[in-house]
Amino acid sequence: MRKGILILSMIWGLFAMGMAQEHIGKVDTIVAIDSIVTIDMEDVKLITEEMAHAVVHQDSLVTQLMRDKRLGYTRGEQVIDGFRVQIYASNAQQRAKQEAFELQQRIESQIDVPVYILSEPPFWKVRIGNFLNREAANQYKTTFLAFFPELTGSTYIVPDKIIVIR
């Protein structure tokens, strides 16, 4: 119950700040990624039951910052469209997360290419690399499978947001 009241008071505070900003004018806002609050489904249910009339407006920058934080991007990196080599995907909820992290550790200890774990419910995925084009990703896939032939059936080239260091 306390958690619900805290969240509702935070939402009300944000709403009141938004109303004040409307009257004052445009205010530049700095969002600290570490201060983003995670709300679970129980909280969402509580909020929607108690405040059925509430509408949450979220800037697309906040959505992008949350995605960047989840994927491990940091400042000084540019995120662009590119390709990665996907080596694992599973929706077996009992073991998919554990298998993804075990595979990441095994692969990272043997290659010098970044390994990423993605949680896109209900799937857990493991992807490697930051390739600007499909051809480069395909060349790497061939090299990778020479060292890990047991992953041949689950390895694909996929379009993804990639990291380019500035």
Going by heavy atoms in the side chains, are Tyr116 and Ile162 under 4.5 Å from each other?
no

Decide whether Leu118 and Phe123 are clustered together by the hydrophobic rule: side chain heavy atoms of Ile, Leu, Val, Met, Phe, Trp, Tyr closer than 4.5 Å, transitively.
no

With side chains defined as the heavy atoms from C-beta onward, is the minimum distance between Lys97 and Ser119 less than 4.5 Å?
no

Could you state the interatomic distance from CZ (Phe83) to CD (Glu135), rounded to the nearest 0.5 Å?
8.0 Å

To the closest 0.5 Å, what do you measure between CD1 (Ile128) and CG (Leu103)?
9.0 Å

Give, for atom OH of Tyr88 and atom OG1 of Thr155, the distance between the pair rounded to the nearest 0.5 Å.
12.5 Å

With side-chain contact (heavy atoms from CB on, under 4.5 Å) as the test, pick out the partner of Leu151 among Val126, Ile107, Val85.
Ile107

If you measure from OH on Tyr140 to CD1 on Ile157, what distance do you get to the nearest 0.5 Å?
11.0 Å

How many angstroms lie between atom CD of Gln104 and atom CH2 of Trp124, to the nearest 0.5 angstrom?
10.5 Å

To the closest 0.5 Å, what do you measure between CZ (Phe148) and CD1 (Ile87)?
7.5 Å

Consider only side-chain heavy atoms of I, L, V, M, F, W and Y, link residues closer than 4.5 Å, and tell whether Val164 and Val158 are in one cluster.
no

Which atom of Ala89 lies closest to which atom of Gln86, heavy atoms considered:
CB-NE2, 3.4 Å

